[in-house]
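In this chain, numbering begins with 1 at the start of the sequence shown. Excluded from the calculations below are hydrogen atoms, water molecules and symmetry mates; all remaining heavy atoms, backbone and side chain alike, are included.
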Amino acid sequence: MGVQGLQTYLREHRRKLAEQIELRQQPDIVARFVVDAWSFIYYIQLNGGLPWVYGGEYPRFGDLVASTIHAWLDVGVELHFVFDGPYPPLKFTTVIDRLTKSVVTPSQLFFRTSIVSRSQPRFLHENHILPPLSFDACVTVLDSLDSDRVHVYFADEEGDPFAVELAGRIGGYVVGADSDFVVLNHDGYRGSVPLDEMVWFSATQGRVPEDENNDGFQQVTKSKAKKGASSRSTSGSAIPPAEQEDLILSFSVYTPSRLAAEIQLPLSLLPLLGALLGNDYTKQTGRLVPQKLFFDHNSTPTQRIKRVSEIIQSILSSAQKQKSTKPLNSVIELIELTVNALLSHRPTAYATGEIDQLVDKIVESTLKYAIPVTETDFAPTEVCQLHPPDACKLLPLLSRKVTTEMARETLILGGDSLTDKEVLRARCLSAYRSGNLSPRLLDTLATSTFWPRLFLENPDVESTAVTFGRHLRQWSYAILDNALGLPEEQPPESPEASSQDVDSEDELVDVISDSEAEFEASSPSPTSPTSPISPMSEEETGRMPIDSLNGALQQINIPARHADTTELRRVSVLEHVRRGTRIAPESVSVPLLQEILPPLLSYLPEELKDTPLLLLEPDLRLTVFLRILESDKPIVRALPPQYLLLSLALRWVLQTLGQRATVSDSRERQKERWTRMELRCFLATFLDEDSNSSDEETESDAKPPPPELVNRHVHLVAQFSSAIEAVRLLAQTLQLNDRVPSPVLDFSGVRCHQYLTRAEPLPDDERLEKLFRATSNGLEESFGEELHRKKGKKQAGNGTSPKTGQKGKHNGGLFAFLGDANVEI
């Protein structure tokens with residue numbers, strides 16, 4: 001994450017580059033932290049001692065998020081959390097690579113490894129996968145905090161430049177894990193604070209607490225060090241120690257100015273340094289990988305940084321000496337000279353076109369670090385907290401319907417009143433800024449792509465994101481397209497135009513170059529994930545009326561699309577899902593809402609049938625929501641709001657698997673259906689309110705062993721996670737967040753697996769039976785036969801044959817004996 005090798009360089013030169021700051025408990029605001037929210041989520045999940053493999057421990061995760069925030073507030077910190085917006089096309093290759101390495105590969109290893117080996121802490125630590133509902137859980141916790149010193153932002157695009165610009169505006173630090181924060185800069189920005197260099201300690205405690213992860217070893221210190229350590233008790237991480245008072249927070253600060261001074265480069269050229277070393281935007285496949293061409297494979301991060309800085313220094317020095325004869329005219333020229341100098345050690349000759357491609361790639365990556373200059377007296381608005389409306393990157397994505405309809409009205413009626421379209425835009429913009437519209441849904445508006453949350457699942461079957469999510473996502477796409485307008489595919493270019501663009505670099509090729517041929521063969525018309533709005537001339541650009549309800553939007557210039565609707569409509573979304581053991585794009589057509597919605601609106605009065613769906617009353621939208629899910633039943637409607645999303649997601653799983661089994665009589669389709677007991681286990685997981693207190697009691701006596709990792713149970717959790725994500729996104733699209741709140745903070749994967757493996761009995765709770773009746777109503781034929789576990793044998797589906805799964809019986813000889821051994825090489 002961030003600039004390649006820069007994090008290592010900063011740690012190796014910490015004494016020169018870092019400044020140590022300590023904050024003590026106090027009521028006044030003494031510092032402002034702009035927190036990279038995704039770095040924060042990853043840090044808590046990785047360092048909070050939370051078992052991930054069971055699907056997520058969201059109650060404990062929520063507690064750690066809240067306790068860390070409260071501890072920061074206690075030492076006088078004002079908090080500003082920043083979440084990333086839609087992915088930019090330049091980052092697609094990096095996102096695909098990360099998904100492959102962090103989800104697909106660990107999943108494959110898990111299902112190909114013996115039960116004994118994959119249950120070991122070392123295996124689970126090395127193959128950690130982020131629980132898929134962590135984002136929803138974190139947003140829910142932040143939304144529940146009642147503090148005027150905690151603020152949440154959802155960026156227009158990438159969160160890193162947004163965070164640094166915000167920190168510059170408020171005079172704060174950026175807290176995160178990316179080394180990009182030492183390259184980015186803005187007036188007033190006070191520097192980057194790495195999460196892993198935060199430490200809590202207490203001067204009132206005289207004993208250093210024993211580390212729970214020290215494998216039984218006790219730290220030994222010299223007498224001098226012991227004397228100093230006796231006055232402090234430390235947590236060793238950014239997560240505060242439990243049940244301690246008078247805590248002090250110590251953290252390191254790295255500033256761009258110190259880094260620039262250390263490597264002797266102008267501060268303004270740090271973004272170029274980051275692009276040349278490699279960042280999230282330079283990753284690509286094929287022959288022209290910049291970092292593989294610029295540096296020797298065995299070179300260290302320090303050597304690479306030193307080499308780049310020396311080359312830039314040499315070019316600048318030479319240009320200064322020859323200012324009158326050979327001046328350096330632009331940054332582009334500097335980049336060209338630097339790229340050629342970095343390639344000089346390579347014996348391979350490169351064509352001019354190849355070098356131009358490298359230069360263009362470095363230029364694009366450098367520009368991603370650019371932070372626009374905004375008026376210092378600009379006041380934040382509901383449209384954008386940092387930029388005026390005409391400079392906000394997000395607003396054009398939500399304005400396609402407004403601009404298109406305005407052009408049509410101007411041509412046909414000569415009017416400019418588009419109240420419905422403006423209200424829809426304002427509502428969706430407000431929902432996104434407040435965290436009620438997922439950034440992943442914004443991807444469909446920005447680049448016609450979608451990136452579902454992936455988790456541990458069986459690599460030998462279809463991805464759960466496709467099985468349980470695609471149909472519901474198509475509804476979400478259709479609703480967004482109807483309300484805001486998704487990017488339309490460009491018609492095929494003429495042969496003359498295509499021949500002229502043969503040598504031009506296409507961002508789509510960068511993203512899926514490894515699988516493009518196969519994808520085009522299986523998908524007739526993939527959507528190009530490029531920027532949907534292209535620059536237009538002043539004649540093509542029209543003034544548009546902006547929402548007048550809240551006064552936040554001002555009149556701005558936004559390009560209007562062609563108003564002719566007689567052309568063939570081509571709208572699709574490119575979903576990046578797991579296909580086998582890799583991430584592959586699949587083109588999904590977006591249906592017209594007016595073609596699929598009418599059968600669900602028979603209950604509407606005639607005068608409301610022409611009203612835009614998102615402008616209907618919440619009760620009417622809730623009916624559409626339930627009918628899409630085929631669950632518009634009185635018993636479902638009667639559920640308390642906190643259980644509605646849970647029941648609907650599980651009903652959707654049952655319906656989907658039941659329909660698959662009906663269509664196909666294959667044994668596999670019959671076996672994949674859920675049993676009644678499995679449904680009860682998932683429902684019971686959300687009812688155990690005293691789980692936290694009971695866990696504390698068992699820890700003091702005897703901690704129960706972790707539940708067995710059965711393949712079927714692991715995949716059931718993946719199915720549930722995909723279903724609840726898809727249903728949640730549909731609820732957000734229909735703006736039903738208040739009616740259908742997220743129950744994720746009640747889900748404990750460990751508790752669910754304990755119920756599934758019979759390690760814990762189901763609670764005797766009347767609510768469980770009520771929930772079961774509502775969830776299974778009308779779906780009695782969708783259940784499969786109950787599975788019975790036989791004594792002395794592993795459950796079928798746990799990935800191990802009975803012979804190798806029985807310890808003490810080795811009918812298969814020596815190899816069967818080795819099958820039970822836990823041998824690490």
Side-chain angles (χ1 to χ4, degrees), residues 1-13 36 39 87-102 158-161 164 176-185 192 194 254 256 259-260 262-263 265 269-312 331-332 334-346 348 350 354-370 505 507 509-511 513-514:
M1 297 174 70
V3 179
Q4 297 177 19
L6 184 55
Q7 195 71 40
T8 302
Y9 180 86
L10 295 175
R11 290 176 179 173
E12 291 177 353
H13 298 78
D36 178 7
S39 294
Y87 293 133
L90 274 179
K91 199 174 181 178
F92 286 179
T93 306
T94 298
V95 176
I96 292 173
D97 183 67
R98 286 179 182 172
L99 286 173
T100 303
K101 292 180 179 178
S102 64
E158 272 290 273
D160 293 358
V164 171
D178 283 4
S179 53
D180 286 331
F181 297 126
V182 192
V183 172
L184 291 159
N185 195 25
S192 170
Y254 296 89
L259 175 62
E262 175 66 20
I263 61 178
L265 281 182
L269 291 183
L270 286 182
L272 175 58
L273 172 72
L276 291 169
L277 292 173
N279 55 25
D280 292 346
Y281 311 105
T282 58
K283 188 172 185 63
Q284 62 187 59
T285 58
R287 180 170 181 260
L288 298 177
V289 180
Q291 285 64 50
K292 291 183 178 180
L293 300 177
F294 293 162
F295 310 109
D296 293 331
H297 178 68
N298 296 325
S299 60
T300 65
T302 298
Q303 291 171 338
R304 295 186 177 196
I305 292 175
K306 184 178 180 181
R307 182 163 183 261
V308 172
S309 60
E310 287 178 348
I311 288 176
I312 296 178
V331 176
I332 302 296
L334 172 62
I335 294 175
E336 290 176 349
L337 294 172
T338 306
V339 168
N340 280 282
L342 288 170
L343 293 174
S344 61
H345 71 293
R346 294 282 180 182
T348 306
Y350 297 95
E354 291 180 323
I355 295 179
D356 290 342
Q357 289 182 34
L358 284 174
V359 171
D360 291 342
K361 195 71 176 178
I362 299 300
V363 170
E364 291 176 341
S365 303
T366 304
L367 289 176
K368 280 297 178 181
Y369 286 123
E505 183 180 11
E507 290 175 351
V509 175
D510 287 342
V511 177
S513 56
D514 290 341

Item checked: ring-ring contact (aromatic ring centres under 6.0 Å, His included) partners for Y254, two or more places apart -> none
Notebook entry, point to check: ring-ring contact (aromatic ring centres under 6.0 Å, His included) with Y369: which residues, sequence neighbours excluded?
Noted result: none
Notebook entry, point to check: Do L259 and H13 touch side chain to side chain, with heavy atoms closer than 4.5 Å?
Noted result: no
Notebook entry, point to check: Where the side chain of N279 meets the backbone of Y281, is there a donor-acceptor pair that is under 3.5 Å apart?
Noted result: yes
Next item on the list: Could you give me the CA-CA distance, side-chain angles and deciding distance for V183 and L273, then say whether side chain to side chain contact (heavy atoms under 4.5 Å, CB included) is met?
Entry: CA-CA 8 Å; V183 172; L273 172 72; 5.7 Å; no
Next item on the list: Check S39 against A177 and note the closest heavy-atom contact, atom names and distance.
Entry: OG-N, 3.3 Å
Next item on the list: Look up atom CG in N340 and atom CD1 in I335, then write down how far apart they are to the nearest 0.5 Å.
Entry: 12.0 Å
Notebook entry, point to check: Given side chains that start at C-beta, do those of L269 and L334 come closer than 4.5 Å, heavy atoms only?
Noted result: yes
Next item on the list: List the atom of R304, the atom of S299, and the distance in Å for their closest heavy-atom pair.
Entry: NE-OG, 2.9 Å
Next item on the list: Indicate yes or no for a side-chain donor-acceptor contact from S179 to the backbone of V3 under 3.5 Å, with no hydrogens or angles considered.
Entry: yes
Next item on the list: Taking all heavy atoms of P256 and all of L270, pick out the closest pair and write down the distance.
Entry: O-CD1, 3.4 Å
Notebook entry, point to check: Measuring from E262:CD to S309:OG, what's the distance to the nearest 0.5 Å?
Noted result: 9.5 Å
Item checked: Partner set under salt bridge (Lys or Arg N to Asp or Glu O under 4.0 Å) for E12, not counting sequence neighbours -> none
Margin query: Keeping D97 on the side-chain end and T93 on the backbone end, is there a donor-acceptor pair under 3.5 Å?
Written below: no
Item checked: Spacing of OG1 belonging to T366 relative to CG belonging to L276, to within rounding of 0.5 Å -> 6.5 Å
Check: If you measure from CG on L293 to CD1 on I355, what distance do you get to the nearest 0.5 Å?
Finding: 10.0 Å
Next item on the list: For T100, check side-chain hydrogen bond (donor to acceptor under 3.5 Å, both in side chains) against everything at least two apart and list the hits.
Entry: none
Next item on the list: With sequence neighbours left out, write down each residue that passes salt bridge (Lys or Arg N to Asp or Glu O under 4.0 Å) with K91, or none if nothing qualifies.
Entry: E158, D280
Item checked: Point-to-point distance, once rounded to the nearest 0.5 Å, from CG of D180 to CD of Q7 -> 10.0 Å
Next item on the list: Taking all non-hydrogen atoms of both residues into account, name the closest pair between L90 and E364 and its distance.
Entry: CD2-OE1, 3.4 Å
Item checked: Spatial distance of atom CG (L184) from atom CG (D160) [nearest 0.5 Å] -> 6.5 Å
Checklist line | Main-chain N/O of F294 paired with R307 side-chain donor or acceptor, under 3.5 Å | finding: yes
Notebook entry, point to check: Stepwise, does the side chain to side chain contact (heavy atoms under 4.5 Å, CB included) test hold for L343 with L358?
Noted result: CA-CA 11 Å; L343 293 174; L358 284 174; 3.9 Å; yes
Notebook entry, point to check: Who pairs with T300 by side chain to side chain contact (heavy atoms under 4.5 Å, CB included), at least two apart in sequence or on another chain?
Noted result: T302, Q303
